[in-house]
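The structure appears right after this line, and notes come after that.
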Amino acid sequence: MPAEVSSASPSSPALTKRQEARRRRILHASAQLASRGGFDAVQMREVAESSQVALGTLYRYFPSKVHLLVATMQAQLEHMHGTLRKKPPQGATAAERVAETLMRAFRALQREPHLADAMVRALTFADRSVSPEVDQVSRQTTMIILDAMGLEDPTPQQLSAVRVIEHTWHSALITWLSGRASIAQVKIDIETVCRLIDLTAPEEPARRR
């Protein structure tokens with residue numbers, strides 16, 4: 001599945017077309033290496049060689065392998081988001097649509113288990129220095145969920161529910177990758193947590209008689 005499209009963090013200076021193309025090559029190389037051999041297969045020197053950039057240039061874009069793999073996850077989620085927009089979920093309720101969306105994203109990662117493991121391990125290892133990249137992953141996941149809900153202006157309670165859903169999805173990835181949960185169990189957990197959406201839906205004002 002490795003996606004070849006990504007963008008810089010909103011807080012980063014705007015990249016030139018050449019810099020953006022270079023960044024795409026780096027992220028694509030990272031995804032390709034991770035797909036073949038997981039976290040340990042992503043070596044900065046090999047990424048630099050594969051993406052045809054100098055090692056020093058690579059480190060200016062991504063100070064460490066963890067920075068690189070977390071950014072790779074953001075790129076993968078962005079690619080998934082584009083796919084989901086082309087074929088939106090069909091559930092009757094917001095909870096059903098979000099559950100369908102997250103399971104489609106999960107199955108996309110399931111097709112690339114080495115890549116999924118590398119990206120999730122990087123998220124787990126991330127310290128404060130990787131906060132901008134981690135925040136980008138969180139923002140992208142939030143956008144995917146809100147799109148599935150059909151919301152543009154969520155309430156604080158709805159955003160809180162979205163955060164809990166994100167945490168559960170991330171935890172489900174970890175337990176599945178470690179062999180402690182089946183796909184069926186993951187689906188049940190995702191569907192269960194998505195019911196929070198119904199609980200946080202704003203109440204309609206009572207009609208006057």
Side-chain angles (χ1 to χ4, degrees), residues 1 3 6-7 9-11 27 31 34 66-67 69-85 88-89 91 93-113 115-178 180-202:
M1 177 189 65
S6 181
S7 59
S9 167
S11 59
L27 291 172
V66 170
H67 286 81
L69 281 169
V70 174
T72 301
M73 185 166 196
Q74 192 276 331
Q76 297 294 311
L77 288 171
E78 187 176 1
H79 178 74
M80 288 179 194
H81 197 183
T83 301
L84 289 164
R85 280 175 166 168
T93 67
E96 289 175 359
R97 292 193 298 273
V98 172
E100 179 188 338
T101 293
L102 292 179
M103 285 308 299
R104 282 169 62 184
F106 188 90
R107 290 190 180 97
L109 291 170
Q110 184 188 7
R111 290 192 288 271
E112 297 281 1
L115 174 59
D117 182 65
M119 296 186 301
V120 170
R121 284 178 65 182
L123 275 178
T124 304
F125 296 152
D127 58 21
R128 289 184 180 180
S129 71
V130 198
S131 290
E133 288 81 5
V134 173
D135 288 346
Q136 272 290 85
V137 168
S138 180
R139 276 192 290 269
Q140 191 70 55
T141 308
T142 297
M143 288 169 58
I144 289 171
I145 293 173
L146 291 178
D147 264 12
M149 291 171 68
L151 279 182
E152 292 183 1
D153 189 22
T155 66
Q157 291 78 14
Q158 288 171 322
L159 283 175
S160 180
V162 169
R163 285 193 295 271
V164 175
I165 291 168
E166 287 179 28
H167 296 326
T168 302
W169 186 66
H170 180 236
S171 177
L173 276 174
I174 293 173
T175 55
W176 172 72
L177 286 166
S178 64
R180 293 183 287 118
S182 66
I183 299 298
Q185 289 171 316
V186 167
K187 187 173 186 292
I188 290 171
D189 289 350
I190 294 299
E191 290 175 345
T192 299
V193 75
C194 285
R195 294 188 189 122
L196 283 174
I197 293 169
D198 296 331
L199 298 177
T200 58

Can you tell if the side chain of [X] reaches within under 4.5 Å of the side chain of [Y], non-hydrogen atoms only?
{"X": "Gln74", "Y": "Leu27", "result": "no"}
{"X": "Ser160", "Y": "Thr200", "result": "no"}
{"X": "Ile145", "Y": "Leu102", "result": "yes"}
{"X": "Gln158", "Y": "Ile197", "result": "no"}
{"X": "Ile183", "Y": "Phe106", "result": "yes"}

The criterion is side-chain contact (heavy atoms from CB on, under 4.5 Å); which residues satisfy it with His170, sequence neighbours excluded?
Val120, Leu123, Ile174

From [X] [atom1] over to [Y] [atom2], what is the distance, rounded to the nearest 0.5 angstrom?
{"X": "Thr142", "Y": "Asp135", "atom1": "OG1", "atom2": "CG", "value": "10.0 Å"}
{"X": "Asp189", "Y": "Ile165", "atom1": "CG", "atom2": "CD1", "value": "13.0 Å"}
{"X": "Phe125", "Y": "His67", "atom1": "CZ", "atom2": "NE2", "value": "14.5 Å"}
{"X": "Thr72", "Y": "Leu115", "atom1": "OG1", "atom2": "CG", "value": "7.5 Å"}
{"X": "Arg163", "Y": "Thr168", "atom1": "CZ", "atom2": "OG1", "value": "13.0 Å"}
{"X": "Gln185", "Y": "Ile190", "atom1": "CD", "atom2": "CD1", "value": "12.5 Å"}

Tell me whether [X] contacts the main-chain N or O of [Y] through its side chain, where contact means a donor paired with an acceptor under 3.5 Å.
{"X": "Arg97", "Y": "Ala148", "result": "yes"}
{"X": "Thr83", "Y": "His79", "result": "yes"}
{"X": "Ser171", "Y": "His167", "result": "no"}

Step by step, would you call Arg107 with Gln110 a side-chain hydrogen bond (donor to acceptor under 3.5 Å, both in side chains)?
CA-CA 5 Å; Arg107 290 190 180 97; Gln110 184 188 7; 5.0 Å; no

So which atom in [X] and which in [Y] form the shortest heavy-atom distance, rounded to 0.1 Å?
{"X": "Ala108", "Y": "Met80", "answer": "CB-CE, 4.0 Å"}
{"X": "Val66", "Y": "Ala122", "answer": "CG1-O, 3.4 Å"}
{"X": "Cys194", "Y": "Val98", "answer": "SG-CG1, 3.6 Å"}
{"X": "Ser129", "Y": "Glu133", "answer": "O-OE1, 4.1 Å"}
{"X": "Trp169", "Y": "Ala105", "answer": "CZ2-CB, 4.0 Å"}
{"X": "Pro154", "Y": "Leu159", "answer": "CG-CD2, 3.7 Å"}

Closer than 4.0 angstrom, basic N to acidic O: yes or no for Glu191 and Arg195?
no

So among Thr101, Thr141, Asp147, which one has a side chain to side chain donor-acceptor pair (under 3.5 Å) with His81?
Asp147

Quick one: do the Glu78 and Gln140 side chains pair a donor with an acceptor below 3.5 Å?
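Side-chain D/A pair, Glu78 to Gln140: absent.
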
